[in-house]
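Input: a single structure, listed below in structure tokens.
Just so you know, ligand 1 is whichever comes first in the structure, and atom 1 is the first atom listed for that ligand. Bear in mind that the values here come from a model prediction, so they are computed numbers and not experimental data.
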Amino acid sequence: MNLRLFLDKARQAGLLQTNSEELDPHLEMARVIDRLEGKPLLFERVAGYDSRVVASICGARENLALDLGVEVGQLLFLLADAFARASPPPIIRTGPCQEVTEGQVDLRRLPILTHLPQDGGPYITAGLTVVKDPEHGRNVAFHRLLLLDARHLVARLVEGRGTDTLLRKSPGDVEVAICIGNSVPVLLAAATSLGPEVDEFSIAHALRPTPLVKCLTVDLEVPAECEFVLEGRITQTTAPEGPFLDLTGTMDIVRDGPIVEISCLTHRHDPIYQALLPGGQEHRLLMGLPREPAIYSEVSKVCRCQNVLLTPAAGTWLHAVVQIEKSHPDDGRRALRAAFDGHPSLKHVVVVDGDIDIYDPGEVEWAIATRFQADRDLVVLEHEPGSSLDPSSRHTPGQKTRTSKMGLDATIPWRTPLGRLRSPEERLAFKRIRYTDQAGDQ
Ligand SMILES: Cc1cc2nc3c(=O)[nH]c(=O)nc-3n(C[C@H](O)[C@H](O)[C@H](O)COP(=O)(O)O)c2cc1C
């Protein structure tokens with residue numbers, strides 16, 4: 001399903017918010033997206049620009065579930081399945097993304113949002129960067145892009161990631177295509193980080209058929225049905241990039257980033273520009289969701305894992321709840337350590353039993369309150385590699401961020417405080433009694 005079909009489906013489901021006020025991409029639109037957090041949003045009129053703008057396409061798990069045709073709790077399994085079934089998409093001869101080729105490139109004609117007064121400038125935030133590594137093949141990733149002038153942008157390439165690695169080992173410029181206005185499967189796939197040999201478009205194609213077209217001026221392919229394609233080169237020349245609001249809700253600093261030069265711009269007739277609110281729910285969800293299958297897979301190596309949630313309040317990045325079915329007294333502790341292996345940026349994790357609704361923070365807190373003892377069930381790890389996005393960690397320039405980590409085993413304790421194993425009947429005393437579960441309930 002391409003972006004437009006998703007908008008139709010969201011409209012039918014009553015999820016789509018449309019805004020027909022004439023709004024300015026400079027500061028005004030970001031405030032509206034923020035106010036309607038999570039709901040897919042279509043701006044029908046943009047002051048000074050021809051294109052319409054969409055935002056918050058992946059702003060809530062419900063939007064993703066609607067697009068992919070599954071229940072929210074099944075998203076993790078659908079993604080894990082797509083990782084396993086990734087297959088290269090076909091390349092077709094023509095696609096809607098090349099309906100119009102602009103005679104002269106002028107990026108200032110795109111309604112690129114400036115989100116906050118303290119931002120470095122207008123930023124493309126939902127642009128997917130496609131490059132080809134001679135060793136590993138295609139790489140697709142989100143890279144925020146600061147608008148410099150009619151043909152130039154500055155990219156934020158996190159050190160050690162695919163695009164950065166390619167640029168560092170290349171003697172000169174690197175060909176690039178930036179696609180904007182993408183389907184949910186393409187957005188989700190681009191947010192994954194499974195290793196240099198994994199082609200993100202193959203993951204998208206496993207979720208939904210995603211045919212590609214060849215670019216006009218560079219040796220790259222892009223989804224045929226996206227809205228805009230910017231073709232050009234990532235250069236070895238740098239310029240300051242930032243400040244920019246990151247997913248922890250704090251301002252990221254100014255660094256030097258490579259300048260991207262755009263030489264060809266194609267788009268659909270009546271193209272829709274896609275925006276993504278920095279630090280917003282969509283940013284957090286896209287970052288975190290692809291990490292849940294990775295945690296699930298590691299925890300499944302040590303016990304029976306039922307589900308995983310990276311919680312929204314901690315940026316869908318730093319905190320997880322892991323649900324397991326215990327078959328051994330130590331399964332909770334084993335799951336804690338495995339969860340940290342599955343997502344190295346994870347800082348705090350709570351492990352719960354299958355009777356706890358992991359989507360309800362109140363239930364998770366109840367499990368901690370009634371099943372957890374700090375002297376027995378707490379694991380603290382010091383001086384661990386951590387997330388560069390956590391301002392409370394130890395950051396030393398040129399070195400991996402260091403942090404402390406904490407795991408809480410909030411599963412039903414199978415041992416008494418004196419170490420005796422509780423019988424299954426004794427463990428039932430930890431179950432929550434609910435009026436709605438009683439026989440004869442109307
Ligand atoms: C909404 C969003 C914004 C992101 N912005 C950036 C960014 O500006 N720079 C960056 O290097 N990675 C960014 N990422 C992470 C990359 O998309 C991707 O996960 C990572 O680069 C994958 O690593 P790889 O290129 O090694 O496969 C962002 C991810 C999401 C979901």
Side-chain angles (χ1 to χ4, degrees), residues 30 33 38 55-61 63-64 79 83 86 112-113 115 119-121 123-133 135-147 153-169 174 176 178-180 182 184-204 234 241-249 251-258 260 274-294 310 312 315-317 343-345 387-389:
I33 303 170
S56 300
I57 296 304
C58 299
R61 283 176 200 262
N63 308 359
L64 305 177
L79 259 187
F83 293 171
I112 304 174
L113 277 62
H115 305 88
D119 279 358
Y123 263 98
I124 297 177
T125 49
L128 303 185
T129 299
V130 185
V131 290
K132 214 172 261 178
D133 185 315
E135 221 177 317
H136 303 298
R138 189 162 50 215
N139 186 56
V140 188
F142 280 87
H143 290 292
R144 67 190 190 226
L145 297 153
L146 171 64
L147 180 70
L153 303 154
V154 194
R156 166 70 178 131
L157 307 186
V158 173
E159 296 72 14
R161 295 244 172 101
T163 322
D164 172 67
T165 309
L166 173 61
L167 187 65
R168 280 175 200 266
K169 70 183 180 189
V174 169
V176 69
I178 296 154
C179 26
I180 304 173
N182 287 288
V184 167
V186 171
L187 292 165
L188 262 178
T192 61
S193 188
L194 293 177
E197 68 294 341
V198 178
D199 168 35
E200 288 81 359
F201 286 155
S202 297
I203 296 173
I234 310 179
E241 184 280 319
F244 181 86
L245 185 67
D246 223 319
L247 87 164
T248 42
M251 243 23 217
D252 201 2
I253 54 169
V254 179
R255 305 176 186 83
D256 276 351
V260 181
Q274 185 171 10
L276 184 150
L277 190 73
Q281 210 162 291
E282 182 174 28
H283 188 178
R284 298 193 297 263
L285 195 54
L286 279 170
M287 282 288 289
L289 202 78
R291 306 300 161 132
E292 291 174 358
L310 282 163
T316 321
W317 194 246
H343 175 37
S345 293
S387 169
S388 63
L389 299 173

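- A donor-acceptor pair under 3.5 Å is formed between the side chain of Thr125 and the backbone N or O of Leu276.
- Contacts between Leu194 and ligand 1 below 4.0 angstrom, taking non-hydrogen atoms only, are absent altogether.
- No donor-acceptor distance shorter than 3.5 angstrom exists from the side chain of Glu241 to the backbone of Gly257, with no hydrogens or angles considered.
- Contact analysis leaves Asp164 out of contact with ligand 1, as no non-hydrogen atom separation drops below 4.0 angstrom.
- You'll find the side chain of Arg255 reaches within 4.5 Å of the side chain of Arg156, heavy atoms only.
- Looking only at protein heavy atoms, the nearest one to atom 19 (O) of ligand 1 is Ala191 O, 3.3 Å.
- Set against the non-hydrogen atoms of Arg156, the atoms of ligand 1 under 4.0 Å away are 7 (C), 8 (O), 9 (N), 10 (C), 11 (O).
- Between Arg144 and Asp252 there is a salt bridge, since at least one side-chain N of the basic residue sits less than 4.0 Å from a carboxylate O of the acidic one.
- Under a 4.0 Å heavy-atom criterion, Glu282 is not in contact with ligand 1.
- Contact annotation for Leu157 and ligand 1: only backbone heavy atoms (N, CA, C, O) come within less than 4.0 Å of the ligand.
- Scanning the protein heavy atoms around atom 23 (O) of ligand 1, the nearest turns out to be Arg161 CD, 3.0 Å.
- Scanning all protein heavy atoms for the shortest distance to atom 25 (O) of ligand 1 gives Gly162 N, 3.0 Å.
- Scanning all protein heavy atoms for the shortest distance to atom 14 (N) of ligand 1 gives Phe142 O, 3.5 Å.
- At distances below 3.5 Å, at least one donor-acceptor pair connects side-chain atoms of Thr165 with backbone N or O atoms of Gly160.
- Looking at heavy atoms from C-beta onward, Leu245 lies out of side-chain contact with His115 at the 4.5 angstrom threshold.
- Listed for the Glu197 side chain is no donor-acceptor partner under 3.5 Å among the backbone atoms of His136.
- Protein heavy atom closest to atom 10 (C) of ligand 1, with residue, atom name and distance, is His143 ND1, 3.1 Å.
- With a 4.0 Å heavy-atom cut-off, ligand 1 is reached by no atom of Pro290.
- No donor-acceptor distance shorter than 3.5 angstrom exists from the side chain of Asn139 to the backbone of Pro196, with no hydrogens or angles considered.
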